[in-house]
Structure formats: structure tokens, C-alpha cells
Amino acid sequence: MTVSHVAWVRARAGRSDEVGRLLLQLVAPVRSMQGCLDFAVELSAEELWRIEGRWAGQRHYQAFSTAPLVTGLFTLLLNSGALFSIECRSESAGGHEETPARSVRSLSAQPRHWWLAAAASQC
């Protein structure tokens, strides 16, 4: 059963280039991860980045979402204050399971450890 995910990452005003540069560094290493069927990062609108991936199964998706490369990058972005919001959605093909969109607004108001736990399990 394949798992697909999409995340919309909004940069704070004036920080889109920085956020994009860091997100784009994920592409090659993530594509080489076991079970990765597709992974892309693109600028969707001004200051809004779209991250989309497809995985061979839930186990592969979980390995991606908890990988030090991924969690480390989002920790860096969060701690730098570059992120304004993030919204995530994942779906499992065949099982028709879908997680509702998770949205975090005003990231600076959220405890950092909460966001990282949510990112690891939902994004």
C-alpha cells in the first residue's frame, strides 16, 4: 500500500529564498531513501513551498518523517524563525486512509517540541 504526503510550508515575509534553499537540499537524499517512489519540492506561490512525496509503504514514510536529515532541517527552520506556517496531509492508497490536514499557524507561539512531534508523525 503506497503512502502519499503533501506539505505546504509558508515562509515568513522576506525569508522564502532561505526556506526554499534549505528545502531543496532534501530532494536528492530523500529520493535515495529506501521506499521513496517520488519526492519533490517546488515554489507554489510567493513564500509558499509545496513538498510532495510518495512512499512504497507506511514503514518507509515513517522512516522519512523521522529521519535526522528531515527533522534536523525543520528544527533549523523553526529555530531560525523562517517558518510562518505548515500544513500537512497524507493518504494511504488501497486502504483509503487519510489523515486530516494539520495546520500550525504562528509557529512562534507553539512550543518547539510539540511542533517537532507533530511534524514527525503527520508531515
Side-chain angles (χ1 to χ4, degrees):
M1 170 174 16
T2 62
V3 177
S4 298
H5 73 88
V6 64
W8 293 270
V9 176
R10 184 170 301 279
R12 292 204 183 272
R15 308 280 302 265
S16 185
D17 289 345
E18 173 188 359
V19 170
R21 180 177 42 80
L22 291 169
L23 290 176
L24 288 167
Q25 290 178 9
L26 289 175
V27 175
V30 169
R31 284 183 179 166
S32 69
M33 292 176 78
Q34 184 178 8
C36 180
L37 303 175
D38 190 28
F39 186 80
V41 173
E42 65 182 10
L43 183 62
S44 174
E46 187 176 330
E47 298 172 350
L48 183 65
W49 291 86
R50 178 183 168 95
I51 304 168
E52 188 167 11
R54 204 163 50 88
W55 300 91
Q58 186 66 33
R59 172 176 60 93
H60 302 292
Y61 170 67
Q62 285 297 325
F64 154 75
S65 66
T66 60
L69 172 71
V70 175
T71 58
L73 182 127
F74 278 96
T75 299
L76 175 67
L77 286 171
L78 181 65
N79 288 338
S80 74
L83 296 183
F84 178 75
S85 67
I86 184 168
E87 184 174 324
C88 308
R89 180 179 299 272
S90 65
E91 297 179 3
S92 297
H96 305 292
E97 297 173 20
E98 183 176 322
T99 60
R102 270 248 157 148
S103 182
V104 179
R105 299 281 177 220
S106 248
L107 289 175
S108 61
Q110 301 293 329
R112 294 178 201 285
H113 64 279
W114 175 88
W115 184 84
L116 292 173
S121 66
Q122 298 295 322
C123 295

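Because only heavy atoms are used, hydrogens play no part in the values below, and waters and symmetry mates are left out as well, while side chains stay in. These figures come from a predicted structure and were not determined experimentally.
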If the threshold is 4.0 Å, N to carboxylate O, is there a salt bridge linking Glu18 and Arg21? no
Ile51 and Val9: side-chain contact (heavy atoms from CB on, under 4.5 Å), yes or no, with the steps? CA-CA 8 Å; Ile51 304 168; Val9 176; 3.8 Å; yes
Quick one: pull up SG in Cys88 and CH2 in Trp8 and give me the separation to the nearest 0.5 Å. 8.5 Å
Are Leu76 and Leu83 connected in a single hydrophobic cluster, I mean Ile/Leu/Val/Met/Phe/Trp/Tyr linked by side-chain heavy atoms less than 4.5 Å apart? yes
Report the residue from Arg10, Glu87, Glu42 that forms a side-chain contact (heavy atoms from CB on, under 4.5 Å) with Leu48. Arg10
Go through the steps for Leu73 and Leu77 under the test side-chain contact (heavy atoms from CB on, under 4.5 Å), then give the verdict. CA-CA 6 Å; Leu73 182 127; Leu77 286 171; 3.6 Å; yes
Take Cys36 and Phe64 through the test side-chain contact (heavy atoms from CB on, under 4.5 Å) and record every step on the way to the result. CA-CA 9 Å; Cys36 180; Phe64 154 75; over 6 Å; no
What heavy-atom pair brings Ser65 and Thr71 nearest, and what distance separates the two atoms? O-CG2, 3.7 Å
Near Asp17 CG, under 6.0 Å, is it more than 12 heavy atoms from other residues, nucleotides or ligands? no
What donor-acceptor contacts under 3.5 angstrom involve side-chain atoms of residues 23-33, with partners at least two apart or in another chain?
unit_1, atom_1, unit_2, atom_2, d
Arg31, NE, Phe39, O, 2.8
Arg31, NH2, Phe39, O, 2.9
Ser32, OG, Pro29, O, 2.8

Are the side chains of Ser4 and Arg89 in contact, using a 4.5 Å heavy-atom criterion? no
Can you list every pair that meets ring-ring contact (aromatic ring centres under 6.0 Å, His included) and has a residue in residues 19-38, with sequence neighbours left out? none
Which residue pairs satisfy the side chain to side chain donor-acceptor pair (under 3.5 Å) criterion with at least one member in residues 43-59, sequence neighbours excluded? His5-Trp55, Ser16-Trp49, Arg50-Glu52
